[in-house]
Amino acid sequence: MSASLPAPRRPLTNARLSDHTAQTWTIVTDQGDLAITCVTAAIIQLAFTPIAAPPHLTWSLVDDLATLPAPPVTVTQQSDLLTLHTTEMAIAITLGDLHITAQRADGSVILADAPPGGLALEESGQLGWQLALEPGERIFGGGQRTGGLNQRGRRITHWCADPLPNHSSATDMLYQSVPFLVGLREGRAQGIFVDTTWRTVFDIGVRDPNALQITTTGPDFVLYLCAGPDLAAVMAQYTSLTGRMPLPPRWSLGNQQSRWSYMSAPEVMEVARGFREQDIPCDAIYLDIDYMRGYRDFTWDADRFPDPAGLVRELGDLGFRVVPIIDPGVKVDPDYATYREGGERGYFARNPDGTPFAGWVWPGSSVWADFARAEVRDWWAEQHRSLLELGVAGIWDDMNEPSQAGMSAPLEVEVPFGATLPLDAQFGPLNAPISHAAFHNAYGLAMTQATRLAQERYRPDARPFVLTRAATAGTQRFAIVWNGDNTSMWEHVRLAISMNLGLGLSGFPVTGSDIGGFWQDCAPELLVRFTQVGAFLPFCRNHSSQGTRRQEPWAFCEPYTSACRAALQQRYRLLPLLVTLAHVAHATGAPIMRPLAWIAPTDPASVACDDQFLLGNDLLIAPVIEPAAQTRLVTLPPGDWFAWETGAIHHGPALLTQSVALATIPIFSRAGSIVPVQGDAPTVDTPPTEPLTLEIFLSQPGQRAELRLWDDDDHPQAQQRGTYLELLASAVWTGDTITVRLEHVGGTMPPRYPGVAVALNLPLGTAVTPGLLTEGNLTALPLTWRFHVQP
Ligand code: GLC
């Protein structure tokens with residue numbers, strides 16, 4: 001209704017160029033200073049600091065930002081138009097009205113501000129900026145979002161929140177808030193990141209369909225522009241600012257099982273044995289809050305979990321890692337060491353009068369650790385010592401938006417669902433407190449920083465694993481995320497795809513949804529389809545709420561168990577690919593799970609598609625997401641695609657109708673690609689008895705394919721120590737010959753596979769000598785295979 005109302009605003013006045021350094025030009029105005037910095041040739045920072053604003057606070061940026069290559073900058077000034085040029089982009093500012101435009105070296109527009117003007121003070125006193133949205137431009141990212149991958153037409157608030165159950169496309173705030181957007185226009189991509197943890201709103205074409213309006217409650221406005229020009233470049237640029245995921249432990253790429261809660265050690269063992277009896281691969285089991293004594297962090301319930309070390313050992317013998325949950329709310333109980341010690345040291349979040357703030361979470365009256373302080377993070381890390389010494393493999397940080405749990409409060413105390421702490425609660429040093437309003441979105445990040453530190457300190461030989469619910473820009477340096485409390489309903493099967501795609505384009509390469517759904521009762525077919533999606537998400541974990549129907553993969557008997565097993569087994573066969581893609585994510589910021597737009601940014605159907613995804617660039621997964629489906633419509637991007645089920649080649653771009661049965665997961669490989677697969681395994685550590693197989697897909701002569709494969713020994717310093725193995729596989733089809741080569745390109749780790757096999761996938765009926773499947777000796781690299789294609 002208010003779509004065309006211009007926002008009341010006060011433009012900045014009296015702008016004039018003040019001074020500059022080699023990278024930064026400063027414009028002063030009556031309201032504050034605007035500094036424009038060329039951070040790299042493809043990243044520009046615009047920082048507006050109002051007069052008397054406090055120093056800029058950030059938790060999102062990497063510490064070593066200064067090590068990014070500073071670009072040479074040339075400057076032109078024509079009357080009041082100032083233009084800064086790097087080799088990749090130019091940013092132009094008209095000093096009079098502070099209009100800003102940015103272009104790439106080829107003239108394509110990265111950003112232009114929208115009428116009535118650019119940066120301004122909103123009538124509300126908040127800082128705001130309006131940027132133009134181009135016709136047809138799509139907007140991705142923004143953290144964890146409902147409503148599809150494209151966020152254009154939505155108003156999104158950056159404020160980590162524990163939403164009401166059954167979130168829908170109407171839900172705005174969820175657990176992970178990342179003030180970073182990726183725009184895709186005419187095949188080119190650009191990124192905008194606002195470095196703030198204050199409540200910030202992106203109105204993406206609601207108030208004005210052609211404008212992105214950014215308003216922040218924060219005291220300043222620090223924005224980064226990433227020039228792209230494609231999605232891969234944007235993600236590399238954004239993650240050079242906010243950091244990349246450390247290499248994850250190998251087991252964390254396996255299947256995982258959880259429930260709120262497995263109530264006792266025998267029950268946990270029974271679930272673990274269930275996986276082995278059912279022959280369903282699984283690598284980890286989670287302990288939700290009921291392992292604790294009265295929900296006190298870092299304690300165990302002595303009756304139900306009398307021998308935690310024994311439990312961890314026994315699970316280990318069955319091939320399971322253990323991940324316990326930790327909440328930031330600490331029970332108010334003078335007899336509880338963590339509370340007593342934290343209280344004595346003044347380590348909890350405070351009321352404005354300096355007393356600890358007490359609210360309500362699982363253990364009843366609780367206080368919250370103040371993670372804004374390094375000494376508190378250090379102390380929190382120390383609390384983990386006994387858990388880590390028991391041998392747990394990772395920690396699950398929950399409720400860290402931070403969220404209260406009103407259901408734990410006495411009836412006379414009203415705490416709304418998901419309430420957070422009061423905005424005037426205080427964190428940080430006593431002499432320089434930070435308000436909750438400023439710190440809120442970073443609370444979860446700082447908690448995961450402490451949790452990671454604990455693992456680095458007390459278990460230095462294993463890669464840390466932190467799963468967190470709340471996150472913001474930069475949290476990917478410490479933790480992976482899952483989608484929080486979804487629901488056992490069909491909409492959430494579909495949502496698991498678009499939401500995780502969006503998170504991947506927000507800097508989080510490893511994410512997943514509660515397979516089967518958290519709230520409400522799951523049902524047999526729903527579990528199968530949820531599992532078929534979840535088995536291909538970077539993080540694969542089945543989890544459900546207390547009081548709901550059990551939903552382990554075998555909970556509904558046949559034919560559902562077999563269908564779940566098949567999906568999870570398929571994941572394990574793709575493990576060499578997942579390990580490789582996790583390394584790519586670590587090295588470049590590219591998500592493991594990518595939208596079709598990643599490879600086909602100018603194909604309208606691919607760009608619009610958000611119910612399918614790619615693993616890497618070449619493997620397309622189009623899971624069934626509807627009840628009683630007999631067919632699945634599959635969007636194929638341009639190129640030739642091999643259907644895994646039939647081996648048939650389909651020519652894209654196309655919309656394909658594929659018939660499906662309960663166990664069908666439509667998977668397609670791009671012609672001109674290599675997919676590394678391994679044999680079935682109950683865990684990721686099971687020593688392979690079958691060769692590493694290079695599935696090579698070529699649809700015609702003239703085509704080639706290449707894959708850089710990564711494997712390592714899972715050590716935190718595998719890269720520095722050289723205990724990794726990097727192989728380069730290539731295949732080329734010239735005339736009547738297909739040549740496949742495998743060479744060693746890096747690392748000293750011996751191959752974990754007993755051999756290697758080449759499996760050629762060619763147009764159906766193509767005969768080759770010596771045969772479509774050939775083996776080789778992986779310890780005798782380089783290897784070359786030559787196949788003769790029979791006419
Ligand atoms: C929160 C978490 C959920 C967990 C529950 C109990 O709702 O999101 O995963 O099971 O708390 O700890």
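Just so you know, ligand 1 is whichever comes first in the structure, and atom 1 is the first atom listed for that ligand. Side chains included, hydrogens not; waters and symmetry mates left out as well; all remaining heavy atoms used.
- Residue contact annotation: Tyr175 has no non-hydrogen atom under 4.0 Å from ligand 1.
- Only the side chain of Ile325 comes within contact range of ligand 1, with a heavy atom under 4.0 Å; no backbone atom does.
- Tyr175 has its ring centre no less than 6.0 Å from the ring centre of Trp482.
- Scanning all protein heavy atoms for the shortest distance to atom 5 (C) of ligand 1 gives Trp260 CE3, 3.7 Å.
- For ligand 1, the polar-atom distance check against Asp514 finds no nitrogen or oxygen pair separated by under 3.5 Å.
- Heavy-atom proximity to Arg469, at under 4.0 Å, picks out these atoms of ligand 1: 1 (C), 2 (C), 7 (O), 8 (O).
- Distance alone, capped at 3.5 Å, places no donor-acceptor pair between the Glu389 side chain and the Leu387 backbone.
- With salt bridges taken as basic N to acidic carboxylate O contacts below 4.0 Å, none links Asp378 and Arg373.
- No salt bridge links Asp335 with Arg340; every basic N to acidic carboxylate O contact stays at or beyond 4.0 Å.
- Interface atoms of ligand 1 facing Ile289, defined by a heavy-atom separation under 4.0 Å, are 6 (C), 12 (O).
- Counting heavy atoms closer than 4.0 Å to ligand 1, residue Trp519 contributes nothing at all.
- The protein non-hydrogen atom at the shortest distance from atom 2 (C) of ligand 1 is Asp398 OD2, 2.9 Å.
- Of the protein's non-hydrogen atoms, the one nearest atom 8 (O) of ligand 1 is Asp485 OD1, 2.5 Å.
- Contacts between Trp482 and ligand 1, counted as non-hydrogen atom pairs separated by less than 4.0 Å, involve the side chain only.
- Ranking the protein heavy atoms by distance from atom 9 (O) of ligand 1 puts His543 NE2, 2.9 Å first.
- The pair Asp611-Arg494 meets the salt-bridge criterion, with a side-chain N (NZ, NE, NH1 or NH2) lying under 4.0 Å from an Asp/Glu carboxylate O.
- Geometric assessment of Arg469 against the ring of Trp396 yields a negative cation-pi assignment under the 6.0 Å and 45° thresholds.
- In summary, of the residues considered (Thr511, Thr242, Thr239), a side chain to side chain donor-acceptor pair (under 3.5 Å) with Gln476 occurs for Thr242 alone.
- We find that Asp333 and Arg296 are joined by a salt bridge, their nearest charged nitrogen and carboxylate oxygen being less than 4.0 Å apart.
- Among all non-hydrogen protein atoms, the one lying nearest atom 12 (O) of ligand 1 is Asp288 OD1, 2.6 Å.
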